[in-house]
Amino acid sequence: MIQKRQLKIQEIKQSVNISEEDAERKIAESVQVFTSLKESVERGLNELIDTIEEKQNTTEKQAEAFIKELEQEISELMKRRTEVEQLSCTEDHLHFSQCFRSVKASPPTKDWTEVNIHPPLYEETVVNAVAQLEETLSKQMKKLLEAELKRVQQYAVDVTLDPDTANPYLILSADGKQVNPGEVKKNLPDNPERFSLNPCVLGKQSFSSGRFYFEVQVKGKTEWDLGVCRESINRKGDIPLSPEDGYWAIWLRRRNKYKALNDPPVRLSLKSQPQKVGVFVDYEEGLVSFYDVEAAALIYCFTVCSFTEKLFPYFNPGLNDGGKNSPPLVLSPE
């Protein structure tokens, strides 16, 4: 008993050391990312200021050119006015006749009625600058998510389907890695573990501590449910799906309608349709996260979950729908 406890102390200390190393690495990565973001923001702001100032300088130069031209015309007109005033005072009719022709001709002036200085519009410039910043943030976020996905994939477990829980309409592969929605009900015993109405099946493996991760291919399907559930869920009759009822899941309906089955449900707007979904659970942290594996994107995350009993992977391939939803859910190998 003493030796076991001494080993446990060593194990705990080792876990703390590993945690400290992870924390230091994560801090270093975060500093690098946020420094890069800060530099991008500052660079974008400086470029925006330069663009605005350049537009203002262009406006000022245009105004200066107009003013110079107007002042030139004013000078010419004042000169002409002086000539006219002098000519009007002469009593030499011959001189008047000779000079009048040149004075009578209009000076070369512009019609300034439609000439205006319009202040530049900066809205488009600001919008473009923000769009560039958003693109930079999006790239940084993608890098973070790719790193996060690689981290959680380290906790991958080998999950197989439990035929004793499968609804009689479901078709399970011999290796327990695929489930198809069928159209014919099989004659199976209605044991307590089996889903009697909804086309659901659980994984054989259960988890009551630590972290675990598994991936499911959903390619070609028009509907499905994925997630985890607690051992004591109701498996008979129509089952409401929510954390209160023991389910932490997301679903697809009508080809492109995604929801996180929280309380209340949350409609999900995804940039692309996931072909493979990753499910990660941290039992102690009360966390269930869903990832689009190919896009390395976070689909949804349940947080502050209260787990007090065993958790099982949960699958629902949906109804066959005349063959429209016939492709299987496929569990990836560990």
Side-chain angles (χ1 to χ4, degrees), residues 149 152-153 155-191 193-207 212-231 233 235 239 241 247-259 261 270 272-281 288-296 299-300 310-334:
L149 183 57
V152 300
Q153 284 175 331
Y155 299 97
V157 294
D158 188 17
V159 174
T160 54
L161 301 171
D162 185 355
D164 291 336
T165 66
N167 179 276
Y169 279 95
L170 297 182
I171 303 170
L172 274 58
S173 61
D175 62 358
K177 288 292 187 179
Q178 298 187 29
V179 53
N180 291 74
E183 294 185 303
V184 178
K185 183 178 181 179
K186 296 190 291 291
N187 186 18
L188 298 174
D190 188 19
N191 49 285
E193 298 83 11
R194 192 178 307 284
F195 289 91
S196 62
L197 183 61
N198 291 354
C200 309
V201 60
L202 300 183
K204 280 185 178 181
Q205 295 72 21
S206 64
F207 305 89
F212 64 94
Y213 172 87
F214 59 92
E215 292 180 352
V216 185
Q217 179 179 301
V218 296
K219 184 177 180 179
K221 297 194 64 61
T222 60
E223 64 176 66
W224 47 259
D225 303 354
L226 289 176
V228 295
C229 65
R230 62 182 178 226
E231 186 176 25
I233 53 165
R235 309 183 191 200
I239 305 165
L241 300 182
Y247 292 86
W248 294 266
I250 62 173
W251 78 13
L252 165 68
R253 293 292 185 270
R254 300 194 295 278
R255 294 186 181 276
N256 58 7
K257 306 297 183 184
Y258 295 90
K259 278 187 179 181
L261 304 176
L270 307 184
S272 60
Q273 290 190 305
Q275 304 298 302
K276 184 181 287 187
V277 177
V279 183
F280 172 69
V281 177
V288 183
S289 301
F290 297 85
Y291 297 88
D292 180 338
V293 177
E294 294 182 359
I299 297 174
Y300 188 77
K310 291 180 181 178
L311 296 179
F312 288 83
Y314 161 79
F315 311 93
N316 179 344
L319 301 175
N320 186 279
D321 194 19
K324 295 178 182 177
N325 188 42
S326 61
L329 291 177
V330 182
L331 279 67
S332 299
E334 181 182 357

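Only this structure's heavy atoms are used, side chains among them; waters, hydrogens and symmetry mates stay out. None of these values were measured; they are calculated from a predicted model.
Expressed to the nearest 0.5 Å, how far CD of Glu294 lies from CG of Leu149 amounts to 11.0 Å. Taking CD from Glu183 and CG from Leu319, the interatomic distance works out to 10.0 Å, rounded to the nearest 0.5 Å. Here the CD1 atom belonging to Ile171 is positioned 11.0 Å from the CD atom belonging to Gln178, to the nearest 0.5 angstrom.
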From CA spacing to verdict: side chain to side chain contact (heavy atoms under 4.5 Å, CB included), Phe214, Leu331: CA-CA 8 Å; Phe214 59 92; Leu331 279 67; 5.7 Å; no
Applying side chain to side chain contact (heavy atoms under 4.5 Å, CB included) to Val288 and Val228, what does each step give before you reach the verdict? CA-CA 8 Å; Val288 183; Val228 295; 4.2 Å; yes
One pair to check against side chain to side chain contact (heavy atoms under 4.5 Å, CB included): Val277 and Trp224. What are the steps and the verdict? CA-CA 11 Å; Val277 177; Trp224 47 259; 4.1 Å; yes
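Under a 3.5 Å cut-off, the side chain of Asp162 and the backbone N or O of Asp164 do form a donor-acceptor pair.
For an aromatic pair to be called close, the ring centres must be under 6.0 Å apart, and Tyr247 with Tyr314 satisfies this.
With sequence neighbours excluded, the residues that form a side chain to side chain contact (heavy atoms under 4.5 Å, CB included) with Glu215 are Gln153, Tyr213, Lys276, Val293, Ser332. Remark: Glu231 engages Arg235, Glu309, Lys310, Phe312 in a side chain to side chain contact (heavy atoms under 4.5 Å, CB included) (not counting sequence neighbours). With sequence neighbours excluded, no residue satisfies side-chain hydrogen bond (donor to acceptor under 3.5 Å, both in side chains) with Asn180. Among residues two or more places apart in sequence or in another chain, the salt bridge (Lys or Arg N to Asp or Glu O under 4.0 Å) test is passed with Asp175 by none.
Within the structure, every pair that satisfies the side chain to side chain donor-acceptor pair (under 3.5 Å) test and touches residues 250-259, not counting sequence neighbours, is listed here: Asp225-Arg253.
The two residues Ile299 and Pro274 come nearest to each other via the heavy atoms CD1-CG, 3.9 Å. Counting all heavy atoms, side chain and backbone alike, Asp292 lies closest to Ser272 at OD2-OG, 3.5 Å. Smallest separation of non-hydrogen atoms from Leu170 and Pro181: CD2-CA, 4.3 Å. Pro328 approaches Lys221 most closely through the heavy-atom pair O-CD, 3.9 Å.
The closest side-chain heavy-atom distance from Leu226 to Val218 is below 4.5 Å. Using a 4.5 Å cut-off on side-chain heavy atoms (C-beta onward), Trp248 and Leu311 make contact. Contact check for Asp158 versus Lys177: side-chain heavy atoms found under the 4.5 Å cut-off. Here the side chains of Leu252 and Thr222 are not in contact, with every heavy-atom distance at 4.5 Å or above. The shortest distance between side-chain heavy atoms of Pro317 and Val179 falls below 4.5 Å.
More than 12 heavy atoms of other residues, nucleotides or ligands sit less than 6.0 Å from atom NZ of Lys186.
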Compile the donor-acceptor pairs under 3.5 Å between side chains in residues 193-207 and protein atoms, sequence neighbours left out, one pair per line.
from   : atom 1 : to     : atom 2 : distance (Å)
Glu193 : OE1    : Asn191 : ND2    : 2.7
Arg194 : NE     : Pro189 : O      : 2.8
Arg194 : NE     : Asn191 : OD1    : 3.2
Arg194 : NH1    : Pro163 : O      : 3.0
Arg194 : NH1    : Ala166 : O      : 2.7
Arg194 : NH2    : Asn191 : OD1    : 3.1
Ser196 : OG     : Gly237 : N      : 3.2
Gln205 : OE1    : Thr160 : N      : 3.0
Gln205 : NE2    : Thr160 : OG1    : 3.2

